[in-house]
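Worksheet: the structure to be examined is printed underneath.
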Amino acid sequence: RALHHAAMMRAAWENAPWREDVDEALWRAAVLPPTNVTEACEDWCDVLTARLADVATDTTEVESTVRQLNAAIGDTLGVQYHPTKRRAPDQGPLETMESGWSSCTGLSILLADACRTRGIPARLAGTPLWIDKSGNHTWVEVWADGRWHHVESADANSWDSAWFDAKAAQADASDPMHRIYAV
């Protein structure tokens, strides 16, 4: 199972139009991993690759591919955000697709893994608690043009711009509860 996953992620990276922008170390850190945080290690790569086979087939740009994959979370995979209609906040992609509901963390896991099926380096980022104590949040960062870009999962219009930008700008690096972390 692990060897099959590694072979799939290697092929996705080697066949990606942006292959030259992603070195082996970045591939190992942000394309190869079968999990993102604490979700169960599921055998998701074949299922997610097949379900997204017709998405973003006409683009050679990372941003356009990510936007189309992001739109596919709701349109193709049928997954929607809900703060409580899910088993756990950190569901794996198969469990999320089966239930149709997910938290921001589960949606971010799903988008990061979708990006990885296309050889796009992706990682989760977030904060345990906003500085105003209004909650927490998880989002995705994807590698393109030599840097990380932040993307709100399940929002195809998000690329370095999201509803949480003002809150994230207030993060307090001196306080572990109010920092921004990337996996």
Side-chain angles (χ1 to χ4, degrees), residues 1-16 18-19 22-56 62 65-66 68-128 136-144 148-155 176 179-183:
R1 179 172 111 161
L3 288 176
H4 177 69
H5 177 87
M8 294 268 307
M9 295 302 100
R10 184 75 176 198
W13 171 55
E14 289 177 344
N15 295 317
W18 37 83
R19 163 65 179 93
V22 180
D23 65 21
E24 178 111 10
L26 184 56
W27 172 78
R28 286 180 184 277
V31 177
L32 175 61
T35 60
N36 293 276
V37 282
T38 57
E39 77 271 25
C41 188
E42 302 174 332
D43 193 12
W44 56 261
C45 64
D46 286 324
V47 174
L48 198 52
T49 299
R51 299 258 329 253
L52 297 171
D54 295 331
V55 177
V62 172
T65 302
V66 171
Q68 290 180 52
L69 290 170
N70 208 347
I73 287 175
D75 298 344
T76 304
L77 303 178
V79 176
Q80 303 298 319
Y81 170 80
H82 197 281
T84 60
K85 287 186 179 181
R86 49 24 179 203
R87 183 194 60 77
D90 61 346
Q91 295 175 160
L94 296 180
E95 185 176 0
T96 294
M97 288 186 290
E98 183 179 316
S99 74
W101 300 104
S102 191
S103 67
C104 60
T105 302
L107 288 169
S108 294
I109 289 168
L110 186 55
L111 178 59
D113 290 345
C115 290
R116 290 172 176 180
T117 68
R118 301 302 174 85
I120 299 170
R123 66 186 185 189
L124 270 58
T127 184
N136 62 0
H137 192 54
T138 305
W139 57 91
V140 177
E141 292 182 338
V142 294
W143 184 262
W148 292 103
H149 298 266
H150 69 277
V151 180
E152 172 70 346
S153 51
D155 178 357
R179 288 183 187 151
I180 303 293
Y181 294 92
V183 176

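Below, each value reflects all heavy atoms present in this structure, side chains not excepted, and no hydrogens, waters or symmetry copies. We're numbering straight along the sequence, starting at 1.
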Quiz item: side-chain hydrogen bond (donor to acceptor under 3.5 Å, both in side chains) between Asn36 and Asp113: does it pass, once the steps are laid out?
Solution: CA-CA 8 Å; Asn36 293 276; Asp113 290 345; 3.0 Å; yes

Quiz item: Do His82 and Trp101 pass the ring-ring contact (aromatic ring centres under 6.0 Å, His included) test, and can you show the C-alpha distance, the side-chain angles, and the key distance before you say yes or no?
Solution: CA-CA 6 Å; His82 197 281; Trp101 300 104; 5.6 Å; yes

Quiz item: How far apart are the C-alpha atoms of Ile120 and Trp13, what are their side-chain angles, what is the distance that settles it, and do they pass the side-chain contact (heavy atoms from CB on, under 4.5 Å) test?
Solution: CA-CA 7 Å; Ile120 299 170; Trp13 171 55; over 6 Å; no

Quiz item: Going through the distances and angles, do Asp43 and His4 end up as a side-chain hydrogen bond (donor to acceptor under 3.5 Å, both in side chains)?
Solution: CA-CA 9 Å; Asp43 193 12; His4 177 69; 5.7 Å; no

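Remark: the backbone N or O of Ala144 is paired with a side-chain donor or acceptor of His149 at under 3.5 angstrom. A donor-acceptor pair is defined here as one N or O able to donate and one able to accept, closer than 3.5 Å; no such pair exists between the side chain of Arg118 and the backbone of Ala12. In this structure, Ser108 contributes its side chain and Thr138 its backbone to a donor-acceptor pair below 3.5 Å. In this structure, the side chain of Tyr181 engages the main chain of Pro176 through a donor-acceptor pair within 3.5 Å. Side chain of Ser102 to main chain of Leu107: a donor-acceptor pair is present (N/O by atom type, distance under 3.5 Å, no hydrogens or angles). Glu39 contributes no side-chain N or O that, together with a main-chain N or O of Gly92, makes up a donor-acceptor pair within less than 3.5 Å. Judged by distance alone, with hydrogens and angles left aside, the side-chain atoms of Asn70 form no donor-acceptor pair with the main-chain N or O of Val66 at under 3.5 Å.
With contacts defined as side-chain heavy-atom distances shorter than 4.5 Å, the pair Pro33/Arg116 qualifies. Inter-residue side-chain proximity for Leu48 and Met97 is flagged as met; some heavy-atom pair is nearer than 4.5 Å. Between Glu152 and His137 the shortest side-chain heavy-atom distance falls below 4.5 Å. The side-chain heavy atoms of Pro128 and Asn136, taken from C-beta on, include no pair separated by under 4.5 Å. In this structure, Arg179 and Thr127 have side chains that are not in contact, with every pair of non-hydrogen atoms separated by 4.5 Å or more. Side chains of Arg123 and Val140 form no contact here, defined as non-hydrogen atoms less than 4.5 Å apart. With a 4.5 Å cut-off on side-chain heavy atoms, Trp148 and Pro121 count as touching. Taking the side chain as every heavy atom from C-beta outward, Thr105 and Gln91 never approach each other to under 4.5 Å.
Atoms OG and CG, from Ser99 and Leu94 in turn, are 11.0 Å apart once rounded to the nearest 0.5 Å. One finds the CZ atom of Arg51 at 8.0 Å from the OG1 atom of Thr76 (value rounded to the nearest 0.5 Å). To the nearest 0.5 Å, the span separating CG on Leu111 from CD1 on Ile73 amounts to 4.5 Å. Distance check, rounded to the nearest 0.5 Å: CG of Leu110 to OG1 of Thr96 gives 6.0 Å. Between the CD atom in Gln80 and the CZ atom in Arg86 there is a gap of 15.0 Å [rounded to 0.5 Å].
When all heavy atoms of Val62 and Trp143 are compared, the pair lying nearest together is CG1-O, 3.9 Å. Nearest heavy atom pair, residue Cys104 against residue Ser153, reads O-OG, 3.9 Å. When all heavy atoms of Pro89 and Ser103 are compared, the closest pair comes out as O-OG, 2.6 Å. Counting all heavy atoms, side chain and backbone alike, Ala114 lies closest to Leu69 at O-CD1, 3.7 Å. The minimum heavy-atom distance linking Ile109 with Pro93 is given by the pair CG2-CD, 3.9 Å. Counting all heavy atoms, side chain and backbone alike, Ala72 lies closest to Leu52 at CB-CD2, 3.8 Å.
Remark: Arg19 does not engage Glu14 in a salt bridge, criterion side-chain N to carboxylate O under 4.0 Å.
Between His5 and Trp44, the gap from one ring centroid to the other is short of 6.0 Å.
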Would you tabulate the side-chain donor-acceptor contacts of residues 23-31 under 3.5 Å, counting partners in other chains and residues two or more places apart, or write 'none'?
unit_1	atom_1	unit_2	atom_2	d
Asp23	OD1	Ala25	N	3.2
Asp23	OD1	Leu26	N	2.8
Glu24	OE1	Arg10	NH1	3.3
Glu24	OE1	Arg10	NH2	3.4
Glu24	OE2	Arg10	NH1	2.9
Glu24	OE2	Arg28	NH2	3.2
Trp27	NE1	Met9	O	3.2

